[in-house]
Amino acid sequence: MALPDAWEKIAWSEPTWRHKKVFAMYASAENHHGGGRHAVWLAAAAGMQEMLIEARPEAFFRPAYVGVNGWIGVFLDAVDDIELGLHIRNAYRVAAPPKLIARLEAEG
């Protein structure tokens, strides 16, 4: 929520985070979205999904539905808060318009 114009909305029975476009979605371990582990699904730059999954399959996966569009799944028990924050900021950059990215950069 610290990202410019970001807000939360429940969709598909889970929290999602967006500005206008969705850039992150929670995937509960209790349903098929999380596959038994708590996770987030994040928008990702082209090629990032394959690179992360290949490098660390214990932490990253190709999520259902949005994985075909290059999104990454991140198991929350496999990353620390700093790494997760970096991935969330990158997801925001992928989905945000240039005006919001400029605000993000200006705010540090």
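- Considering only heavy atoms from C-beta on, Leu86 stays 4.5 Å or farther from Ile88 through its side chain.
- For His19 (side chain) and Ala96 (main-chain N/O), a donor-acceptor pair under 3.5 Å exists by modelled atom type.
- For Glu50, there are no side-chain contact (heavy atoms from CB on, under 4.5 Å) partners two or more places apart in sequence or in a different chain.
- Put simply, the side chain of Gln49 never gets that close to the backbone of Ala44: no donor and acceptor are under 3.5 Å apart.
- Here the side chains of Met25 and Pro15 are not in contact, with every heavy-atom distance at 4.5 Å or above.
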Exercise. Let me see the working for Val66 and Val68 under side-chain contact (heavy atoms from CB on, under 4.5 Å), right down to the final yes or no.
Key: CA-CA 5 Å; Val66 295; Val68 297; over 6 Å; no
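- The two residues Tyr26 and Leu76 come nearest to each other via the heavy atoms CE1-CD1, 4.0 Å.
- Residue Ile10 places its CD1 atom among more than 12 non-hydrogen atoms of other residues, nucleotides or ligands, all under 6.0 Å distant.
- Between Tyr92 and Phe23, the ring planes are perpendicular. Angles over 60° get that label, and only those under 30° would be called parallel.
- Listed by first and then second residue, the side-chain hydrogen bond (donor to acceptor under 3.5 Å, both in side chains) pairs involving residues 74-85 are Arg37-Asp77, Arg56-Glu83, Glu83-His87 (not counting sequence neighbours).
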Practice problem: Begin with the C-alpha distance, continue with both residues' side-chain angles, and end with the deciding distance and a verdict on side-chain contact (heavy atoms from CB on, under 4.5 Å) for Glu8 and Thr16. | Solution: CA-CA 6 Å; Glu8 181 179 331; Thr16 64; over 6 Å; no
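- Of all non-hydrogen atoms in Arg18 and Trp12, the two that sit nearest each other are NH2-CZ3, 4.4 Å.
- Taken from NZ in Lys9 to CD in Glu14, the straight-line distance is 15.0 Å, to the nearest 0.5 Å.
- Under the side-chain hydrogen bond (donor to acceptor under 3.5 Å, both in side chains) criterion, Arg62 pairs with no residue, sequence neighbours left out.
- Within a 6.0 Å radius of CD in Glu54, no more than 12 heavy atoms belonging to other residues, nucleotides or ligands are found.
- Shown here for Ala27 and Trp41, the closest heavy-atom pair between the two residues is CB-NE1, 3.5 Å.
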Practice problem: Evaluate the side-chain contact (heavy atoms from CB on, under 4.5 Å) criterion for residues Trp17 and Trp7: first the C-alpha distance (whole Å), next the side-chain angles of each, then the deciding distance (0.1 Å), finally the verdict. | Solution: CA-CA 6 Å; Trp17 293 270; Trp7 50 283; over 6 Å; no
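- With rounding to the nearest 0.5 Å, the separation of CG in Leu3 from CG in Leu100 is 9.5 Å.
- Nearest heavy atom pair, residue Lys21 against residue Ala95, reads CD-O, 3.7 Å.
- The structure places CG of Leu42 at 9.0 Å from CG of Asn90, a figure rounded to the nearest 0.5 Å.
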Exercise. May I have the step-by-step check of salt bridge (Lys or Arg N to Asp or Glu O under 4.0 Å) for Lys20 and Asp5, ending in yes or no?
Key: CA-CA 9 Å; Lys20 286 187 180 180; Asp5 291 346; over 6 Å; no
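- Across Trp71 and Pro63, no two heavy atoms sit closer than the pair O-CD, 3.4 Å.
- Taking all atoms of both residues into account, the shortest heavy-atom contact from Val94 to Ala43 is CG1-CB, 4.0 Å.
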